[in-house]
Q: 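Mind having a look at this structure? Questions to follow.
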Amino acid sequence: MRVALGVTGGIAAYKSAELLRLLEERGLEVQVVMTAAAREFVSPLTFAALSGRKVITGLFGPSAGDANLESAIEHIAVAQSIDALVIAPATADVVAKIAHGLADDFLTTLVLATRVPIVVAPAMNVNMWENAATRDNLEVLRRRGIRIVEPEEGYLACGMTGAGRLASLESILDAVCGVLGMADDLNGETVLVTAGPTEEPIDPVRYLSNRSSGKMGYAIAEAGRRRGARVILVSGPTRLDPPAVTLLPVRTAEEMAAAVFENLKDASIVIMSAAVADFRPVRVESGKIKRNEGSRTLQLEPTEDILAGVSRRRAPGQLVVGFAAETDRLLENARAKLIAKQLDLVVANDVTAEGAGFDVDTNIVTFVFPDGRTIPLERMSKFDVAGRLLDEIAALRKNRVAVHSA
Ligand code: CTP
């Protein structure tokens with residue numbers, strides 16, 4: 001796989017040389033792109049020697065007047081040949097340019113021209129980091145699905161102490177591997193995922209169900225597997241090819257509840273993305289209901305709330321994530337579910353929005369956390385939503401393990 005490493009003008013630019021080496025150690029081919037300011041800090045020669053390939057420094061060839069067609073369209077060629085773009089260090093300036101869609105050099109042009117996942121690792125002075133303009137710009141990047149690797153606190157080159165120091169190279173590397181589906185940050189975890197609809201029989205040929213396709217849950221299961229987790233997928237009826245995980249097919253809410261509760265003790269992470277039927281017919285007719293029997297009323301009773309049951313039975317340290325499929329008052333309803341079921345995270349999903357919800361390949365979701373934090377994401381593929389969700393879960397898991405071992 002091929003990654004473009006964008007280096008911008010900050011003191012931390014020297015650390016990018018080591019990042020380049022770490023990316024290569026992971027078997028990635030790296031194309032370095034430097035801004036003019038970055039070249040004031042580190043010579044392109046360093047990166048050229050380490051990567052064994054030419055460093056791209058400008059839009060139109062190495063110096064003015066060298067422009068030819070090849071160099072003029074190189075940003076498109078690079079954009080199409082890479083699997084991910086990482087910018088480390090990213091200055092406040094480049095973050096602002098990306099937020100506003102500016103494209104006045106090779107790197108920012110590449111950002112606009114590429115469709116691959118982007119990882120941005122900012123590094124700057126603490127005041128610049130805390131400035132409202134920078135915060136807003138980063139929020140825009142996050143919403144667009146760009147993965148931000150937050151800087152650390154510490155001693156800064158300007159002599160001040162605070163947040164703004166480039167994140168550890170290890171966490172930048174994790175984020176790059178994460179967007180490439182190569183991370184193994186869930187190694188050792190067992191993830192129990194529910195997916196799809198349930199079917200509640202009325203008679204031998206009819207049932208009550210809903211429009212869920214199972215795509216979101218299957219994407220989570222596959223993304224979890226790729227990140228090293230053992231995955232148990234409890235799935236209602238779907239038409240999807242199952243991922244290479246432990247698959248427990250079920251039909252009704254009752255069967256789903258039984259499969260979930262049976263496997264709960266093995267799970268360190270539970271993600272309930274299934275659209276479980278909330279009601280089922282009180283009586284299941286043993287023979288097909290005949291039309292000539294005339295009009296009839298179907299009496300329904302509530303099914304068990306599986307997620308609430310999980311929450312009641314959860315073991316210490318177990319992480320529980322729910323989904324909230326809503327048609328109105330999205331965040332309010334999602335927060336209510338988060339509190340009522342004592343969840344660690346709710347994925348709020350407005351199922352009426354175009355490009356979101358049932359039977360489409362994309363989704364528009366907002367992550368809602370117990371501390372009131374929300375992360376709204378723009379429309380993206382369900383696989384990318386799954387990746388972002390697992391990023392958050394891996395981070396929560398890390399904190400929890402740290403708290404428990406402290
Ligand atoms: N859920 C569940 N068991 C049910 C119904 C829902 O485990 N019988 C889970 C879903 O998998 C999801 C979460 O609960 O993670 C929220 O589901 P949703 O249908 O949005 O909400 P409900 O709790 O059913 O509430 P309401 O129908 O009133 O919105």
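If you're wondering where the values come from, they're calculated on a predicted model, not measured in any experiment. Start at 1 and go down the list; that is how both ligands and their atoms are numbered.
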Q: Does the N or O separation between S273 and ligand 1 drop below 3.5 Å for any pair?
A: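 No: no nitrogen or oxygen of S273 is under 3.5 Å from one in ligand 1.
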
Q: Can E200 and T198 be counted as having a side-chain donor-acceptor contact under 3.5 angstrom?
A: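 There is such a pair between these side chains.
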
Q: Looking only at heavy atoms of M256, does any of them come nearer than 4.0 Å to an atom of ligand 1?
A: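 Distance cut 4.0 Å: M256 fails for ligand 1.
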
Q: Does T194 come within less than 4.0 angstrom of ligand 1, counting non-hydrogen atoms of the residue?
A: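 Distance cut 4.0 Å: T194 fails for ligand 1.
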
Q: Is atom 18 (P) of ligand 1 near the protein, in the sense that some protein heavy atom lies at less than 4.0 Å from it?
A: yes

Q: Among all protein non-hydrogen atoms, which one is nearest to atom 23 (O) of ligand 1, and what is the separation to 0.1 Å?
A: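 Of every protein heavy atom, K341 NZ, 2.8 Å lies nearest to atom 23 (O) of ligand 1.
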
Q: So, S235 versus Y218: side-chain donor-acceptor pair below 3.5 Å or not?
A: yes

Q: Polar contacts were defined as any N/O atom of the residue lying under 3.5 Å from an N/O atom of the ligand; does this apply to F323 and ligand 1?
A: yes

Q: Using 0.5 Å steps for rounding, measure from the CE atom of M272 to the NZ atom of K341.
A: 8.0 Å

Q: Going by distance alone, is a donor N or O of one side chain under 3.5 Å from an acceptor N or O of the other, for R2 and S81?
A: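 Indeed, the side chains of R2 and S81 share at least one donor-acceptor pair under 3.5 Å.
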
Q: How close does the nearest protein non-hydrogen atom get to atom 27 (O) of ligand 1, and which residue and atom is it?
A: D278 OD2, 3.0 Å

Q: Suppose we measure from atom 21 (O) of ligand 1 to each protein heavy atom; which comes out shortest, and what is that distance?
A: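 So the nearest neighbour among protein heavy atoms is K337 NZ, 2.9 Å.
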
Q: With a distance cut-off below 6.0 Å to the six-membered ring centre and an angular limit of 45° from the axis, does R313 pair with F261 as a cation-pi contact?
A: yes

Q: Which of the atoms in ligand 1, numbered in the order shown and given with their element, are less than 4.0 Å from a heavy-atom of D305?
A: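 Contacts of ligand 1 toward D305, numbered from 1: 2 (C), 3 (N), 4 (C), 7 (O), 8 (N).
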
Q: Provide, to 0.1 Å, the distance between atom 3 (N) of ligand 1 and the closest protein heavy atom, together with that atom's residue and name.
A: I306 N, 3.0 Å

Q: Got a second to check how far I393's CD1 is from I220's CD1, nearest 0.5 Å?
A: 7.0 Å

Q: Quick one: look up the protein heavy atom nearest atom 8 (N) of ligand 1 and list residue, atom name and how far away it is.
A: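 Looking at atom 8 (N) of ligand 1, the protein heavy atom closest to it is E304 O, 2.9 Å.
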
Q: Below the 3.5 angstrom mark, is there an N/O of V276, backbone or side chain, next to an N/O of ligand 1?
A: no

Q: Judged by non-hydrogen atoms, does A253 sit under 4.0 Å from ligand 1?
A: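 In this structure, A253 fails to qualify as a contact of ligand 1 - no heavy atom is under 4.0 Å.
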
Q: Got a salt bridge between E293 and R291, using NZ or NE/NH1/NH2 to carboxylate O under 4.0 Å?
A: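 No, this pair does not count.
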
Q: How close do V276 and A253 get, heavy atom to heavy atom, and via which atoms?
A: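 Reported closest heavy-atom pair: CG1-CB, 3.6 Å.
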
Q: Considering only heavy atoms of A324, which atoms of ligand 1 have at least one such atom less than 4.0 Å away?
A: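 Listed by number with element: 20 (O).
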
Q: May I ask you to list the atoms of ligand 1 that are less than 4.0 angstrom from any heavy atom of T303?
A: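 Counting from 1, the qualifying ligand atoms are 8 (N).
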
Q: For atom 15 (O) of ligand 1, find the nearest protein heavy atom and state the residue, atom name and distance (0.1 Å precision).
A: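 Result: M272 O, 2.6 Å.
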
Q: Establish, from distance only, whether the side-chain atoms of D350 and T352 form a donor-acceptor pair under 3.5 Å.
A: yes

Q: Kindly compute the distance separating CD (Q318) from CD1 (I269), expressed to the nearest 0.5 Å.
A: 10.0 Å

Q: Side chains of S168 and S171: donor-acceptor distance under 3.5 Å anywhere?
A: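 There is such a pair (donor and acceptor under 3.5 Å, judged by atom type) between the side chains of S168 and S171.
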
Q: Can you pull out the closest protein heavy atom to atom 7 (O) of ligand 1? Residue, atom name and distance to 0.1 Å, please.
A: L307 N, 2.8 Å

Q: Is the closest N or O pair between A274 and ligand 1 shorter than 3.5 Å?
A: yes

Q: Only heavy atoms of G322, strictly under 4.0 Å: list the atoms of ligand 1 that pass.
A: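 Counting atoms of ligand 1 from 1, those under 4.0 Å from G322 are 15 (O).
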
Q: Would you call E189 and R230 a salt bridge, using N to O less than 4.0 angstrom?
A: no

